[in-house]
Amino acid sequence: SRNADKQIAKAIKPKSRDVPAKYEKARKLRTGRAALIVTEGDSAQNVATVGVGVVGRDDYGIFPIRGKLINTLNASKKQLIANQEVRNLISILNLDTERTYTAADKLDYNHLIILSDQDPDGSHIRGLLILFIHTLFPSVLEAFPNFVRVFATPLVRASHGSQTWSFFNDLDFREWRAARVAAKLPLGMIKYYKGLGALSNAFAKTLFADMDKHVVTLMFRGTPCSES
């Protein structure tokens, strides 16, 4: 009901002093360019912090979530009110669950960039963050279809001589390896990245320096699932 929605909005909108200490705020908000990088824990936050040092802090905020975000689609009002990570994200993004957003609105952050591991747990976290926006702020996706983005990092890298190959899923790597073996070509050095914590600072800087090639925009189109 409308009254229930108002109760949720009021209860899960934290005061500014409740914003967590690990949140690194972008220097410039409401510019149309600002992006909040939401990371999978502290190790991924370190990758983002090092990387943002390359591209500059003006347009990028960083916030590490703890564990897996609650499934906002199936959560009860009581669960939403009690969940600290939901409260933190809403406070940082400065969004209002009661408001219907339009393209004319100025948002603190015009993009949410998800930086998580390339393993199944990381995929689950990406899905929960997308669901968080879709469930609580569907009008944001309608007004800003490119709001949600994903920072893709390699799962495996192979290098031989001056050549380097990056693979973002295990299937692509296995197909490449099979083709190299069949052609009797050397595999070279192979590095698996079990998690973002395995990335060196130098490699993090390289990824962010080439950010346009690694950030994938998830475009929202059509009617929200809840209305179809």
Side-chain angles (χ1 to χ4, degrees), residues 22-65 69 89 92-95 103 106-119 121-130 132-134 140-141 143-159 162-170 172-173 176 191-221:
K22 290 187 177 182
Y23 166 47
E24 301 176 38
K25 186 177 179 180
R27 289 178 182 154
K28 296 181 179 179
L29 301 177
R30 302 175 69 84
T31 61
R33 301 184 306 275
L36 177 67
I37 302 174
V38 179
T39 70
E40 180 184 351
D42 294 346
S43 59
Q45 181 184 22
N46 179 66
V47 171
T49 301
V50 170
V52 167
V54 174
V55 296
R57 289 298 309 273
D58 284 355
D59 295 331
Y60 297 97
I62 304 168
F63 175 61
I65 58 170
L69 192 69
L89 281 169
I92 291 168
L93 290 168
N94 195 25
L95 294 175
K106 284 191 175 182
L107 306 181
D108 280 15
Y109 288 103
N110 270 69
H111 304 290
L112 184 150
I113 300 176
I114 305 168
L115 179 60
S116 62
D117 293 344
Q118 293 297 111
D119 61 9
D121 279 345
S123 296
H124 190 196
I125 288 170
R126 287 193 292 275
L128 291 172
L129 281 165
I130 294 166
F132 160 76
I133 296 296
H134 185 273
V140 169
L141 293 179
F144 305 94
N146 62 349
F147 184 81
V148 179
R149 297 178 170 180
V150 172
F151 198 120
T153 59
L155 178 66
V156 186
R157 288 185 88 210
S159 61
S162 61
Q163 291 182 295
T164 302
W165 299 266
S166 294
F167 305 94
F168 296 87
N169 60 71
D170 191 55
D172 286 347
F173 169 66
W176 172 86
K191 171 73 173 178
Y192 285 86
Y193 296 100
K194 186 176 181 181
L196 290 168
L199 271 61
S200 67
N201 286 353
F203 189 35
K205 290 178 181 179
T206 298
L207 291 174
F208 273 77
D210 213 6
M211 200 169 179
D212 288 346
K213 292 185 179 179
H214 292 279
V215 174
V216 179
T217 299
L218 307 182
M219 293 295 293
F220 172 85
R221 294 188 178 92

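- Glu24 contributes no side-chain N or O that, together with a main-chain N or O of Ile62, makes up a donor-acceptor pair within less than 3.5 Å.
- In this structure Lys106 satisfies the salt bridge (Lys or Arg N to Asp or Glu O under 4.0 Å) test with no other residue, sequence neighbours excluded.
- In this structure, Phe168 CZ and Thr153 OG1 are separated by 7.5 Å, a value rounded to the nearest 0.5 Å.
- The line from CG of Leu29 to OG1 of Thr31 is 7.5 Å long, rounded to the nearest 0.5 Å.
- Here the straight-line distance linking atom NZ of Lys28 with atom CG of Asp59 works out to 7.5 Å at 0.5 Å rounding.
- The CD1 atom of Ile65 sits 10.0 Å away from the CZ atom of Phe132 when rounded to the nearest 0.5 Å.
- A side-chain donor-acceptor contact under 3.5 Å links Arg57 to the backbone of Lys25.
- Considering all non-hydrogen atoms of both residues, Ser43 and Gly197 come closest at CB-CA, 3.8 Å.
- Summarising the geometry, atom CD1 belonging to Ile130 is positioned 11.5 Å from atom CG belonging to Leu69; distances are rounded to the nearest 0.5 Å.
- In this structure, the side chain of His214 does not engage the main chain of Phe151 through any donor-acceptor pair within 3.5 Å.
- The aromatic rings of Tyr23 and Tyr109 lie perpendicular to each other, with more than 60° between the two planes, well past the 30° mark.
- Residues passing the side chain to side chain contact (heavy atoms under 4.5 Å, CB included) test with His111, sequence neighbours excluded: Ala35, Asn146, Arg149.
- Shown here are the side chain to side chain contact (heavy atoms under 4.5 Å, CB included) partners of Lys191, two or more places apart in sequence or in another chain: Tyr193.
- The two residues Pro64 and Gly41 have their closest heavy-atom pair at CB-O, 3.5 Å.
- Between the CD1 atom in Ile37 and the CD1 atom in Ile114 there is a gap of 12.0 Å [rounded to 0.5 Å].
- Asn110 places no side-chain N or O within 3.5 Å of a backbone atom of Arg33 that could act as its donor or acceptor partner.
- Classified by interplanar angle (parallel below 30°, tilted 30° to 60°, perpendicular above 60°), the ring pair Trp176/Trp165 is tilted.
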